[in-house]
Amino acid sequence: MKKIAVLTSGGDAPGMNAAVRAVVRTAIYNGIEVYGVYQGYLGLINDDLKKLELGSVGDTIQRGGTFLYSARCPEFKDKEVRAKAIENLRSHGIDGLVVIGGDGSYRGAQRISEECPEIQTIGIPGTIDNDIPGTDFTIGFDTALNTIIDSVDKIRDTASSHARTFIIEVMGRDCGDLALWAGLAVGAETILVPEVKTDIKDIAEKIEAGIKRGKKHSIVMVAEGVMSGQDCAEELAKYIHVDGRVSVLGHIQRGGSPTGQDRVLASRLGGHAVELLIEGKTALGVGIKQNELTQTPFDDIFSNKGSKFNFDMYELAQELSI
Ligand code: F6P
């Protein structure tokens, strides 16, 4: 292993910079040259690579977003486009590629290692959605969770002052983790996640029962993978008449300085990715399980063996919000 490249791809996530920093510094520590690829797979196609030095990643660990920029790149599904990217990697003499992103980004890496086995690839889970198998947590999840908690704590002031029901729509794609963890942390009355089928009429009845018991306000946390906050409000309005308001937290959830948890996770995973490349490993996604570093073949990640949604935690949230 002489030269590696690192890129960030898909939706940005707080902690991506800390992961790039760890990749760069672990590589240089081990005598490996590192190239940063700008704008994810687009940069591979356009040959937008620059050599990174120790100083290139100074003052980045605390920054949100990604200084390498990111992009969604649907054209990477095209084999001819990938051939161009592989040619560019070869022309720089790159023998290892670290991809920081979600599972769409991992698919690109897997294709590269299939079509050019001499280039080893390792994926680092970077997404606020916490939807990558093979790891308990993805980089950015904890920061997004804390952003949601801060926002909902503020919304709660208005909710209780005006005795309103607030429907909060949070991100997460098809994964309910952000809604579940945030809902539990803010004491939401109801949490709607894609993993659990919920009857809106039951929710309406629960809100109504709470009001009758003297509750001043209700927080309904809805994952975007279930329905929009607006649709949820309209569905609820079919059964109850409450002074409801919808808050779509949106991209605020993706921004901000990474939490300590995300910085440490990103640093550990970045270092581990480079160690695996040095060991000659390829087509693996790194992760953390029960605080131990892990590596999972891309194929297992894609076949999604064993959903990691925590149904016990969901049950607990239900019990605590009666
Ligand atoms: O994957 C991260 C994420 O923020 C999802 O939670 C959300 O559905 C999506 O990206 C939004 O994508 P975009 O920023 O491209 O609109």
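Order of appearance sets the numbers: ligands from 1, and atoms from 1 within every ligand.
Nearest protein neighbour of atom 6 (O) of ligand 1, counting heavy atoms only, is D129 OD1, 2.7 Å. Nearest protein heavy-atom neighbour of atom 3 (C) of ligand 1: R254 NH1, 3.4 Å. Counting only heavy atoms of the protein, atom 15 (O) of ligand 1 lies nearest to R72 NE, 3.0 Å.
Residue contacts with ligand 1: G11 is placed with no nitrogen or oxygen under 3.5 Å of a nitrogen or oxygen of the ligand (distance criterion only).
For the pair R82 and E80, the salt-bridge criterion is not met [side-chain N within less than 4.0 Å of a carboxylate O]. E234 and K238 are not joined by a salt bridge, as no carboxylate oxygen comes within less than 4.0 angstrom of a charged side-chain nitrogen.
Scanning M171, H251, E224 for the heavy atom closest to atom 8 (O) of ligand 1 points to E224.
In summary, the atoms of ligand 1 found under 4.0 Å from a heavy atom of R173, numbered by their order in the structure, are 1 (O), 6 (O), 8 (O), 9 (C), 10 (O).
For an aromatic pair to be called close, the ring centres must be under 6.0 Å apart, and F137 with W181 satisfies this. Annotation: H92 is in aromatic contact with Y35 [ring centroid separation under 6.0 Å]. Remark: aromatic rings of Y69 and F67 are distant, center separation not under 6.0 Å.
Between I100 and V20, the shortest heavy-atom distance links the atoms CD1-CG2, 3.7 Å.
At a heavy-atom cutoff of 4.0 Å, ligand 1 is contacted by no atom of Q253, backbone or side chain.
Look at G172 and you'll find a heavy atom under 4.0 Å from some atom of ligand 1.
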